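For reference, the structure discussed in these notes is given below.
Worth knowing before you read on, the calculation uses all heavy atoms, side chains too, and leaves out hydrogens, waters and symmetry mates. Source: prediction; values computed, not measured. Counting convention: from 1, in listed order, for ligands and their atoms alike.
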Amino acid sequence: MNDKKIYHLVKRLYPICRSITGNGVRQTLQILSEYIPLSVHEVPTGTTVFDWTVPKEWNIKVAWIKDSHGNTIVDFNNHNLHVLNYSTPIHHKMTLEELQPHLFSLPDQPDLIPYRTSYYQENWGFCLSHHQLENLDEGVYEVFIDSTLNDGYLTYGEYFIKGKSEDEMLISTHICHPSLANDNLSGISIVTHLAKHLSEQKNHYSYRFLFVPGTIGAITWLALNEPKTKNIKHGLVAALLGDNGAFTYKKSRQGNTEIDQTVESILSEMEIEHKIINFYPYGYDERQFCSPAFNLPLGNLGRTPYGQFPEYHTSADNLEFINATNLNQSYEVYQKIIERLEYNYQHSHNYPTPQPSFCDSNEVYYINLFPKCEPQLGKRGLYSAIGGNNDQRNRQMAMLWILNYSDGEHHLNQIAQMSNIDPQTIYDIATILEKEQLLEKVSIHKNTLV
Ligand code: ZN
């Protein structure tokens with residue numbers, strides 16, 4: 001593919017202020033519907049989805065800060081990253097000191113506007129460059145955010161293409177980020193064009209495409225569609241596909257499924273620079289699809305991983321940061337993977353079956369009592385319960401590792417090894433999670449052969 005149509009769709013979607021709910025998502029899905037016949041689902045606020053609840057719907061029209069002379073100094077209309085995503089409404093005059101806690105900037109990247117959200121803790125705020133923040137005078141500021149946070153819906157898009165077989169491939173991408181090009185729009189555009197392409201040919205597999213808000217959208221889909229997951233034979237989470245970096249494939253939690261083998265083969269055969277990494281229980285929505293009760297054969301294929309490029313979650317992840325050549329190459333990789341899976345399906349039905357593993361009777365095994373998607377740790381105060389020391393990030397990661405691998409097959413020392421986190425931390429955190437009734441210690445006999 002040599003043209004710029006993938007880039008053009010990114011460019012069209014870039015100005016829209018998206019979030020995990022609201023009209024920005026609807027407007028985005030409306031545009032995608034011009035390419036593919038998308039089903040748009042609306043899930044009411046308050047719907048219980050496993051351990052989570054569909055949040056209130058957020059919409060925003062206007063947001064600005066004016067200085068004491070009445071000059072607008074920060075304006076949502078100039079860049080939608082200027083407002084803390086999910087900000088509650090406010091109209092108030094205040095001193096710089098009162099305003100300060102609601103301003104977010106990046107001291108290490110002083111020219112850039114950060115991307116910040118506050119979905120599950122009601123707050124309001126503005127994001128601005130550190131240079132601008134440093135130049136604010138003492139004085140009175142007028143702050144206005146014309147937003148709504150009310151009962152409404154969580155909106156997601158789904159497109160299903162029926163193939164000869166009921167066996168399915170799932171491709172999922174997140175649609176919740178505002179004006180950020182690589183993180184979210186590159187995936188949305190590539191998945192849309194891929195779906196359009198597959199709808200124009202006969203396929204052996206059925207294909208399901210999900211355009212969902214990150215985390216809560218994937219959890220919602222899984223909660224409402226649990227029986228459908230049995231047909232999913234392969235899956236990919238698509239994100240970060242427009243930058244110059246090498247490809248990164250994060251394997252499925254099972255680690256040696258047909259999709260894992262196929263992605264690896266295609267990247268090698270195409271002689272594209274790439275890295276293959278093992279599954280870890282954070283990142284994008286693979287963390288839900290690969291939660292222990294689902295454990296779907298699904299990996300994540302992108303370029304530079306999240307957080308590993310300086311433009312990540314800033315105003316520099318813009319239309320200049322990505323380009324048509326990179327997007328087209330990513331599209332080609334996805335297309336070749338699908339062609340290979342189709343070919344293999346036609347020629348054999350060769351799915352490697354995971355080998356049963358034996359437990360070691362001297363080790364400590366736990367079972368995650370919330371194995372379908374991640375439990376909502378925030379509402380239990382667990383992020384702060386384990387915090388308060390310099391090692392907070394490590395302890396948070398330990399929580400995710402323990403929850404994901406406490407399936408009766410992995411003991412704590414194994415989890416320590418896989419995560420590279422010291423065993424003492426793993427044991428400490430497991431004890432906290434057990435107290436919170438998220439984990440239960442299991443007797444070895446019950447699980448001798450899993
Ligand atoms: Zn992101």
Centroid-centroid under 6.0 Å between [X] and [Y] rings:
X: F126; Y: H82; result: no
X: H174; Y: Y284; result: yes
X: Y334; Y: Y331; result: no

In the protein, how many N/O/S atoms are under 2.8 Å from the Zn ion (ligand 1)?
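For the Zn ion (ligand 1), protein nitrogen, oxygen or sulfur atoms under 2.8 Å: 3.
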Least distance between heavy atoms, Q109 atom then P310 atom:
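Smallest interatomic distance, heavy atoms only, reads NE2-O, 2.7 Å.
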T28 versus R18, side-chain donor and acceptor atoms under 3.5 Å:
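Yes, because at least one side-chain N or O of R18 sits under 3.5 Å from a partner of the opposite role on T28.
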Partner of M399 by side-chain contact (heavy atoms from CB on, under 4.5 Å), out of N404, L433, I426
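Among N404, L433, I426, the one meeting side-chain contact (heavy atoms from CB on, under 4.5 Å) with M399 is L433.
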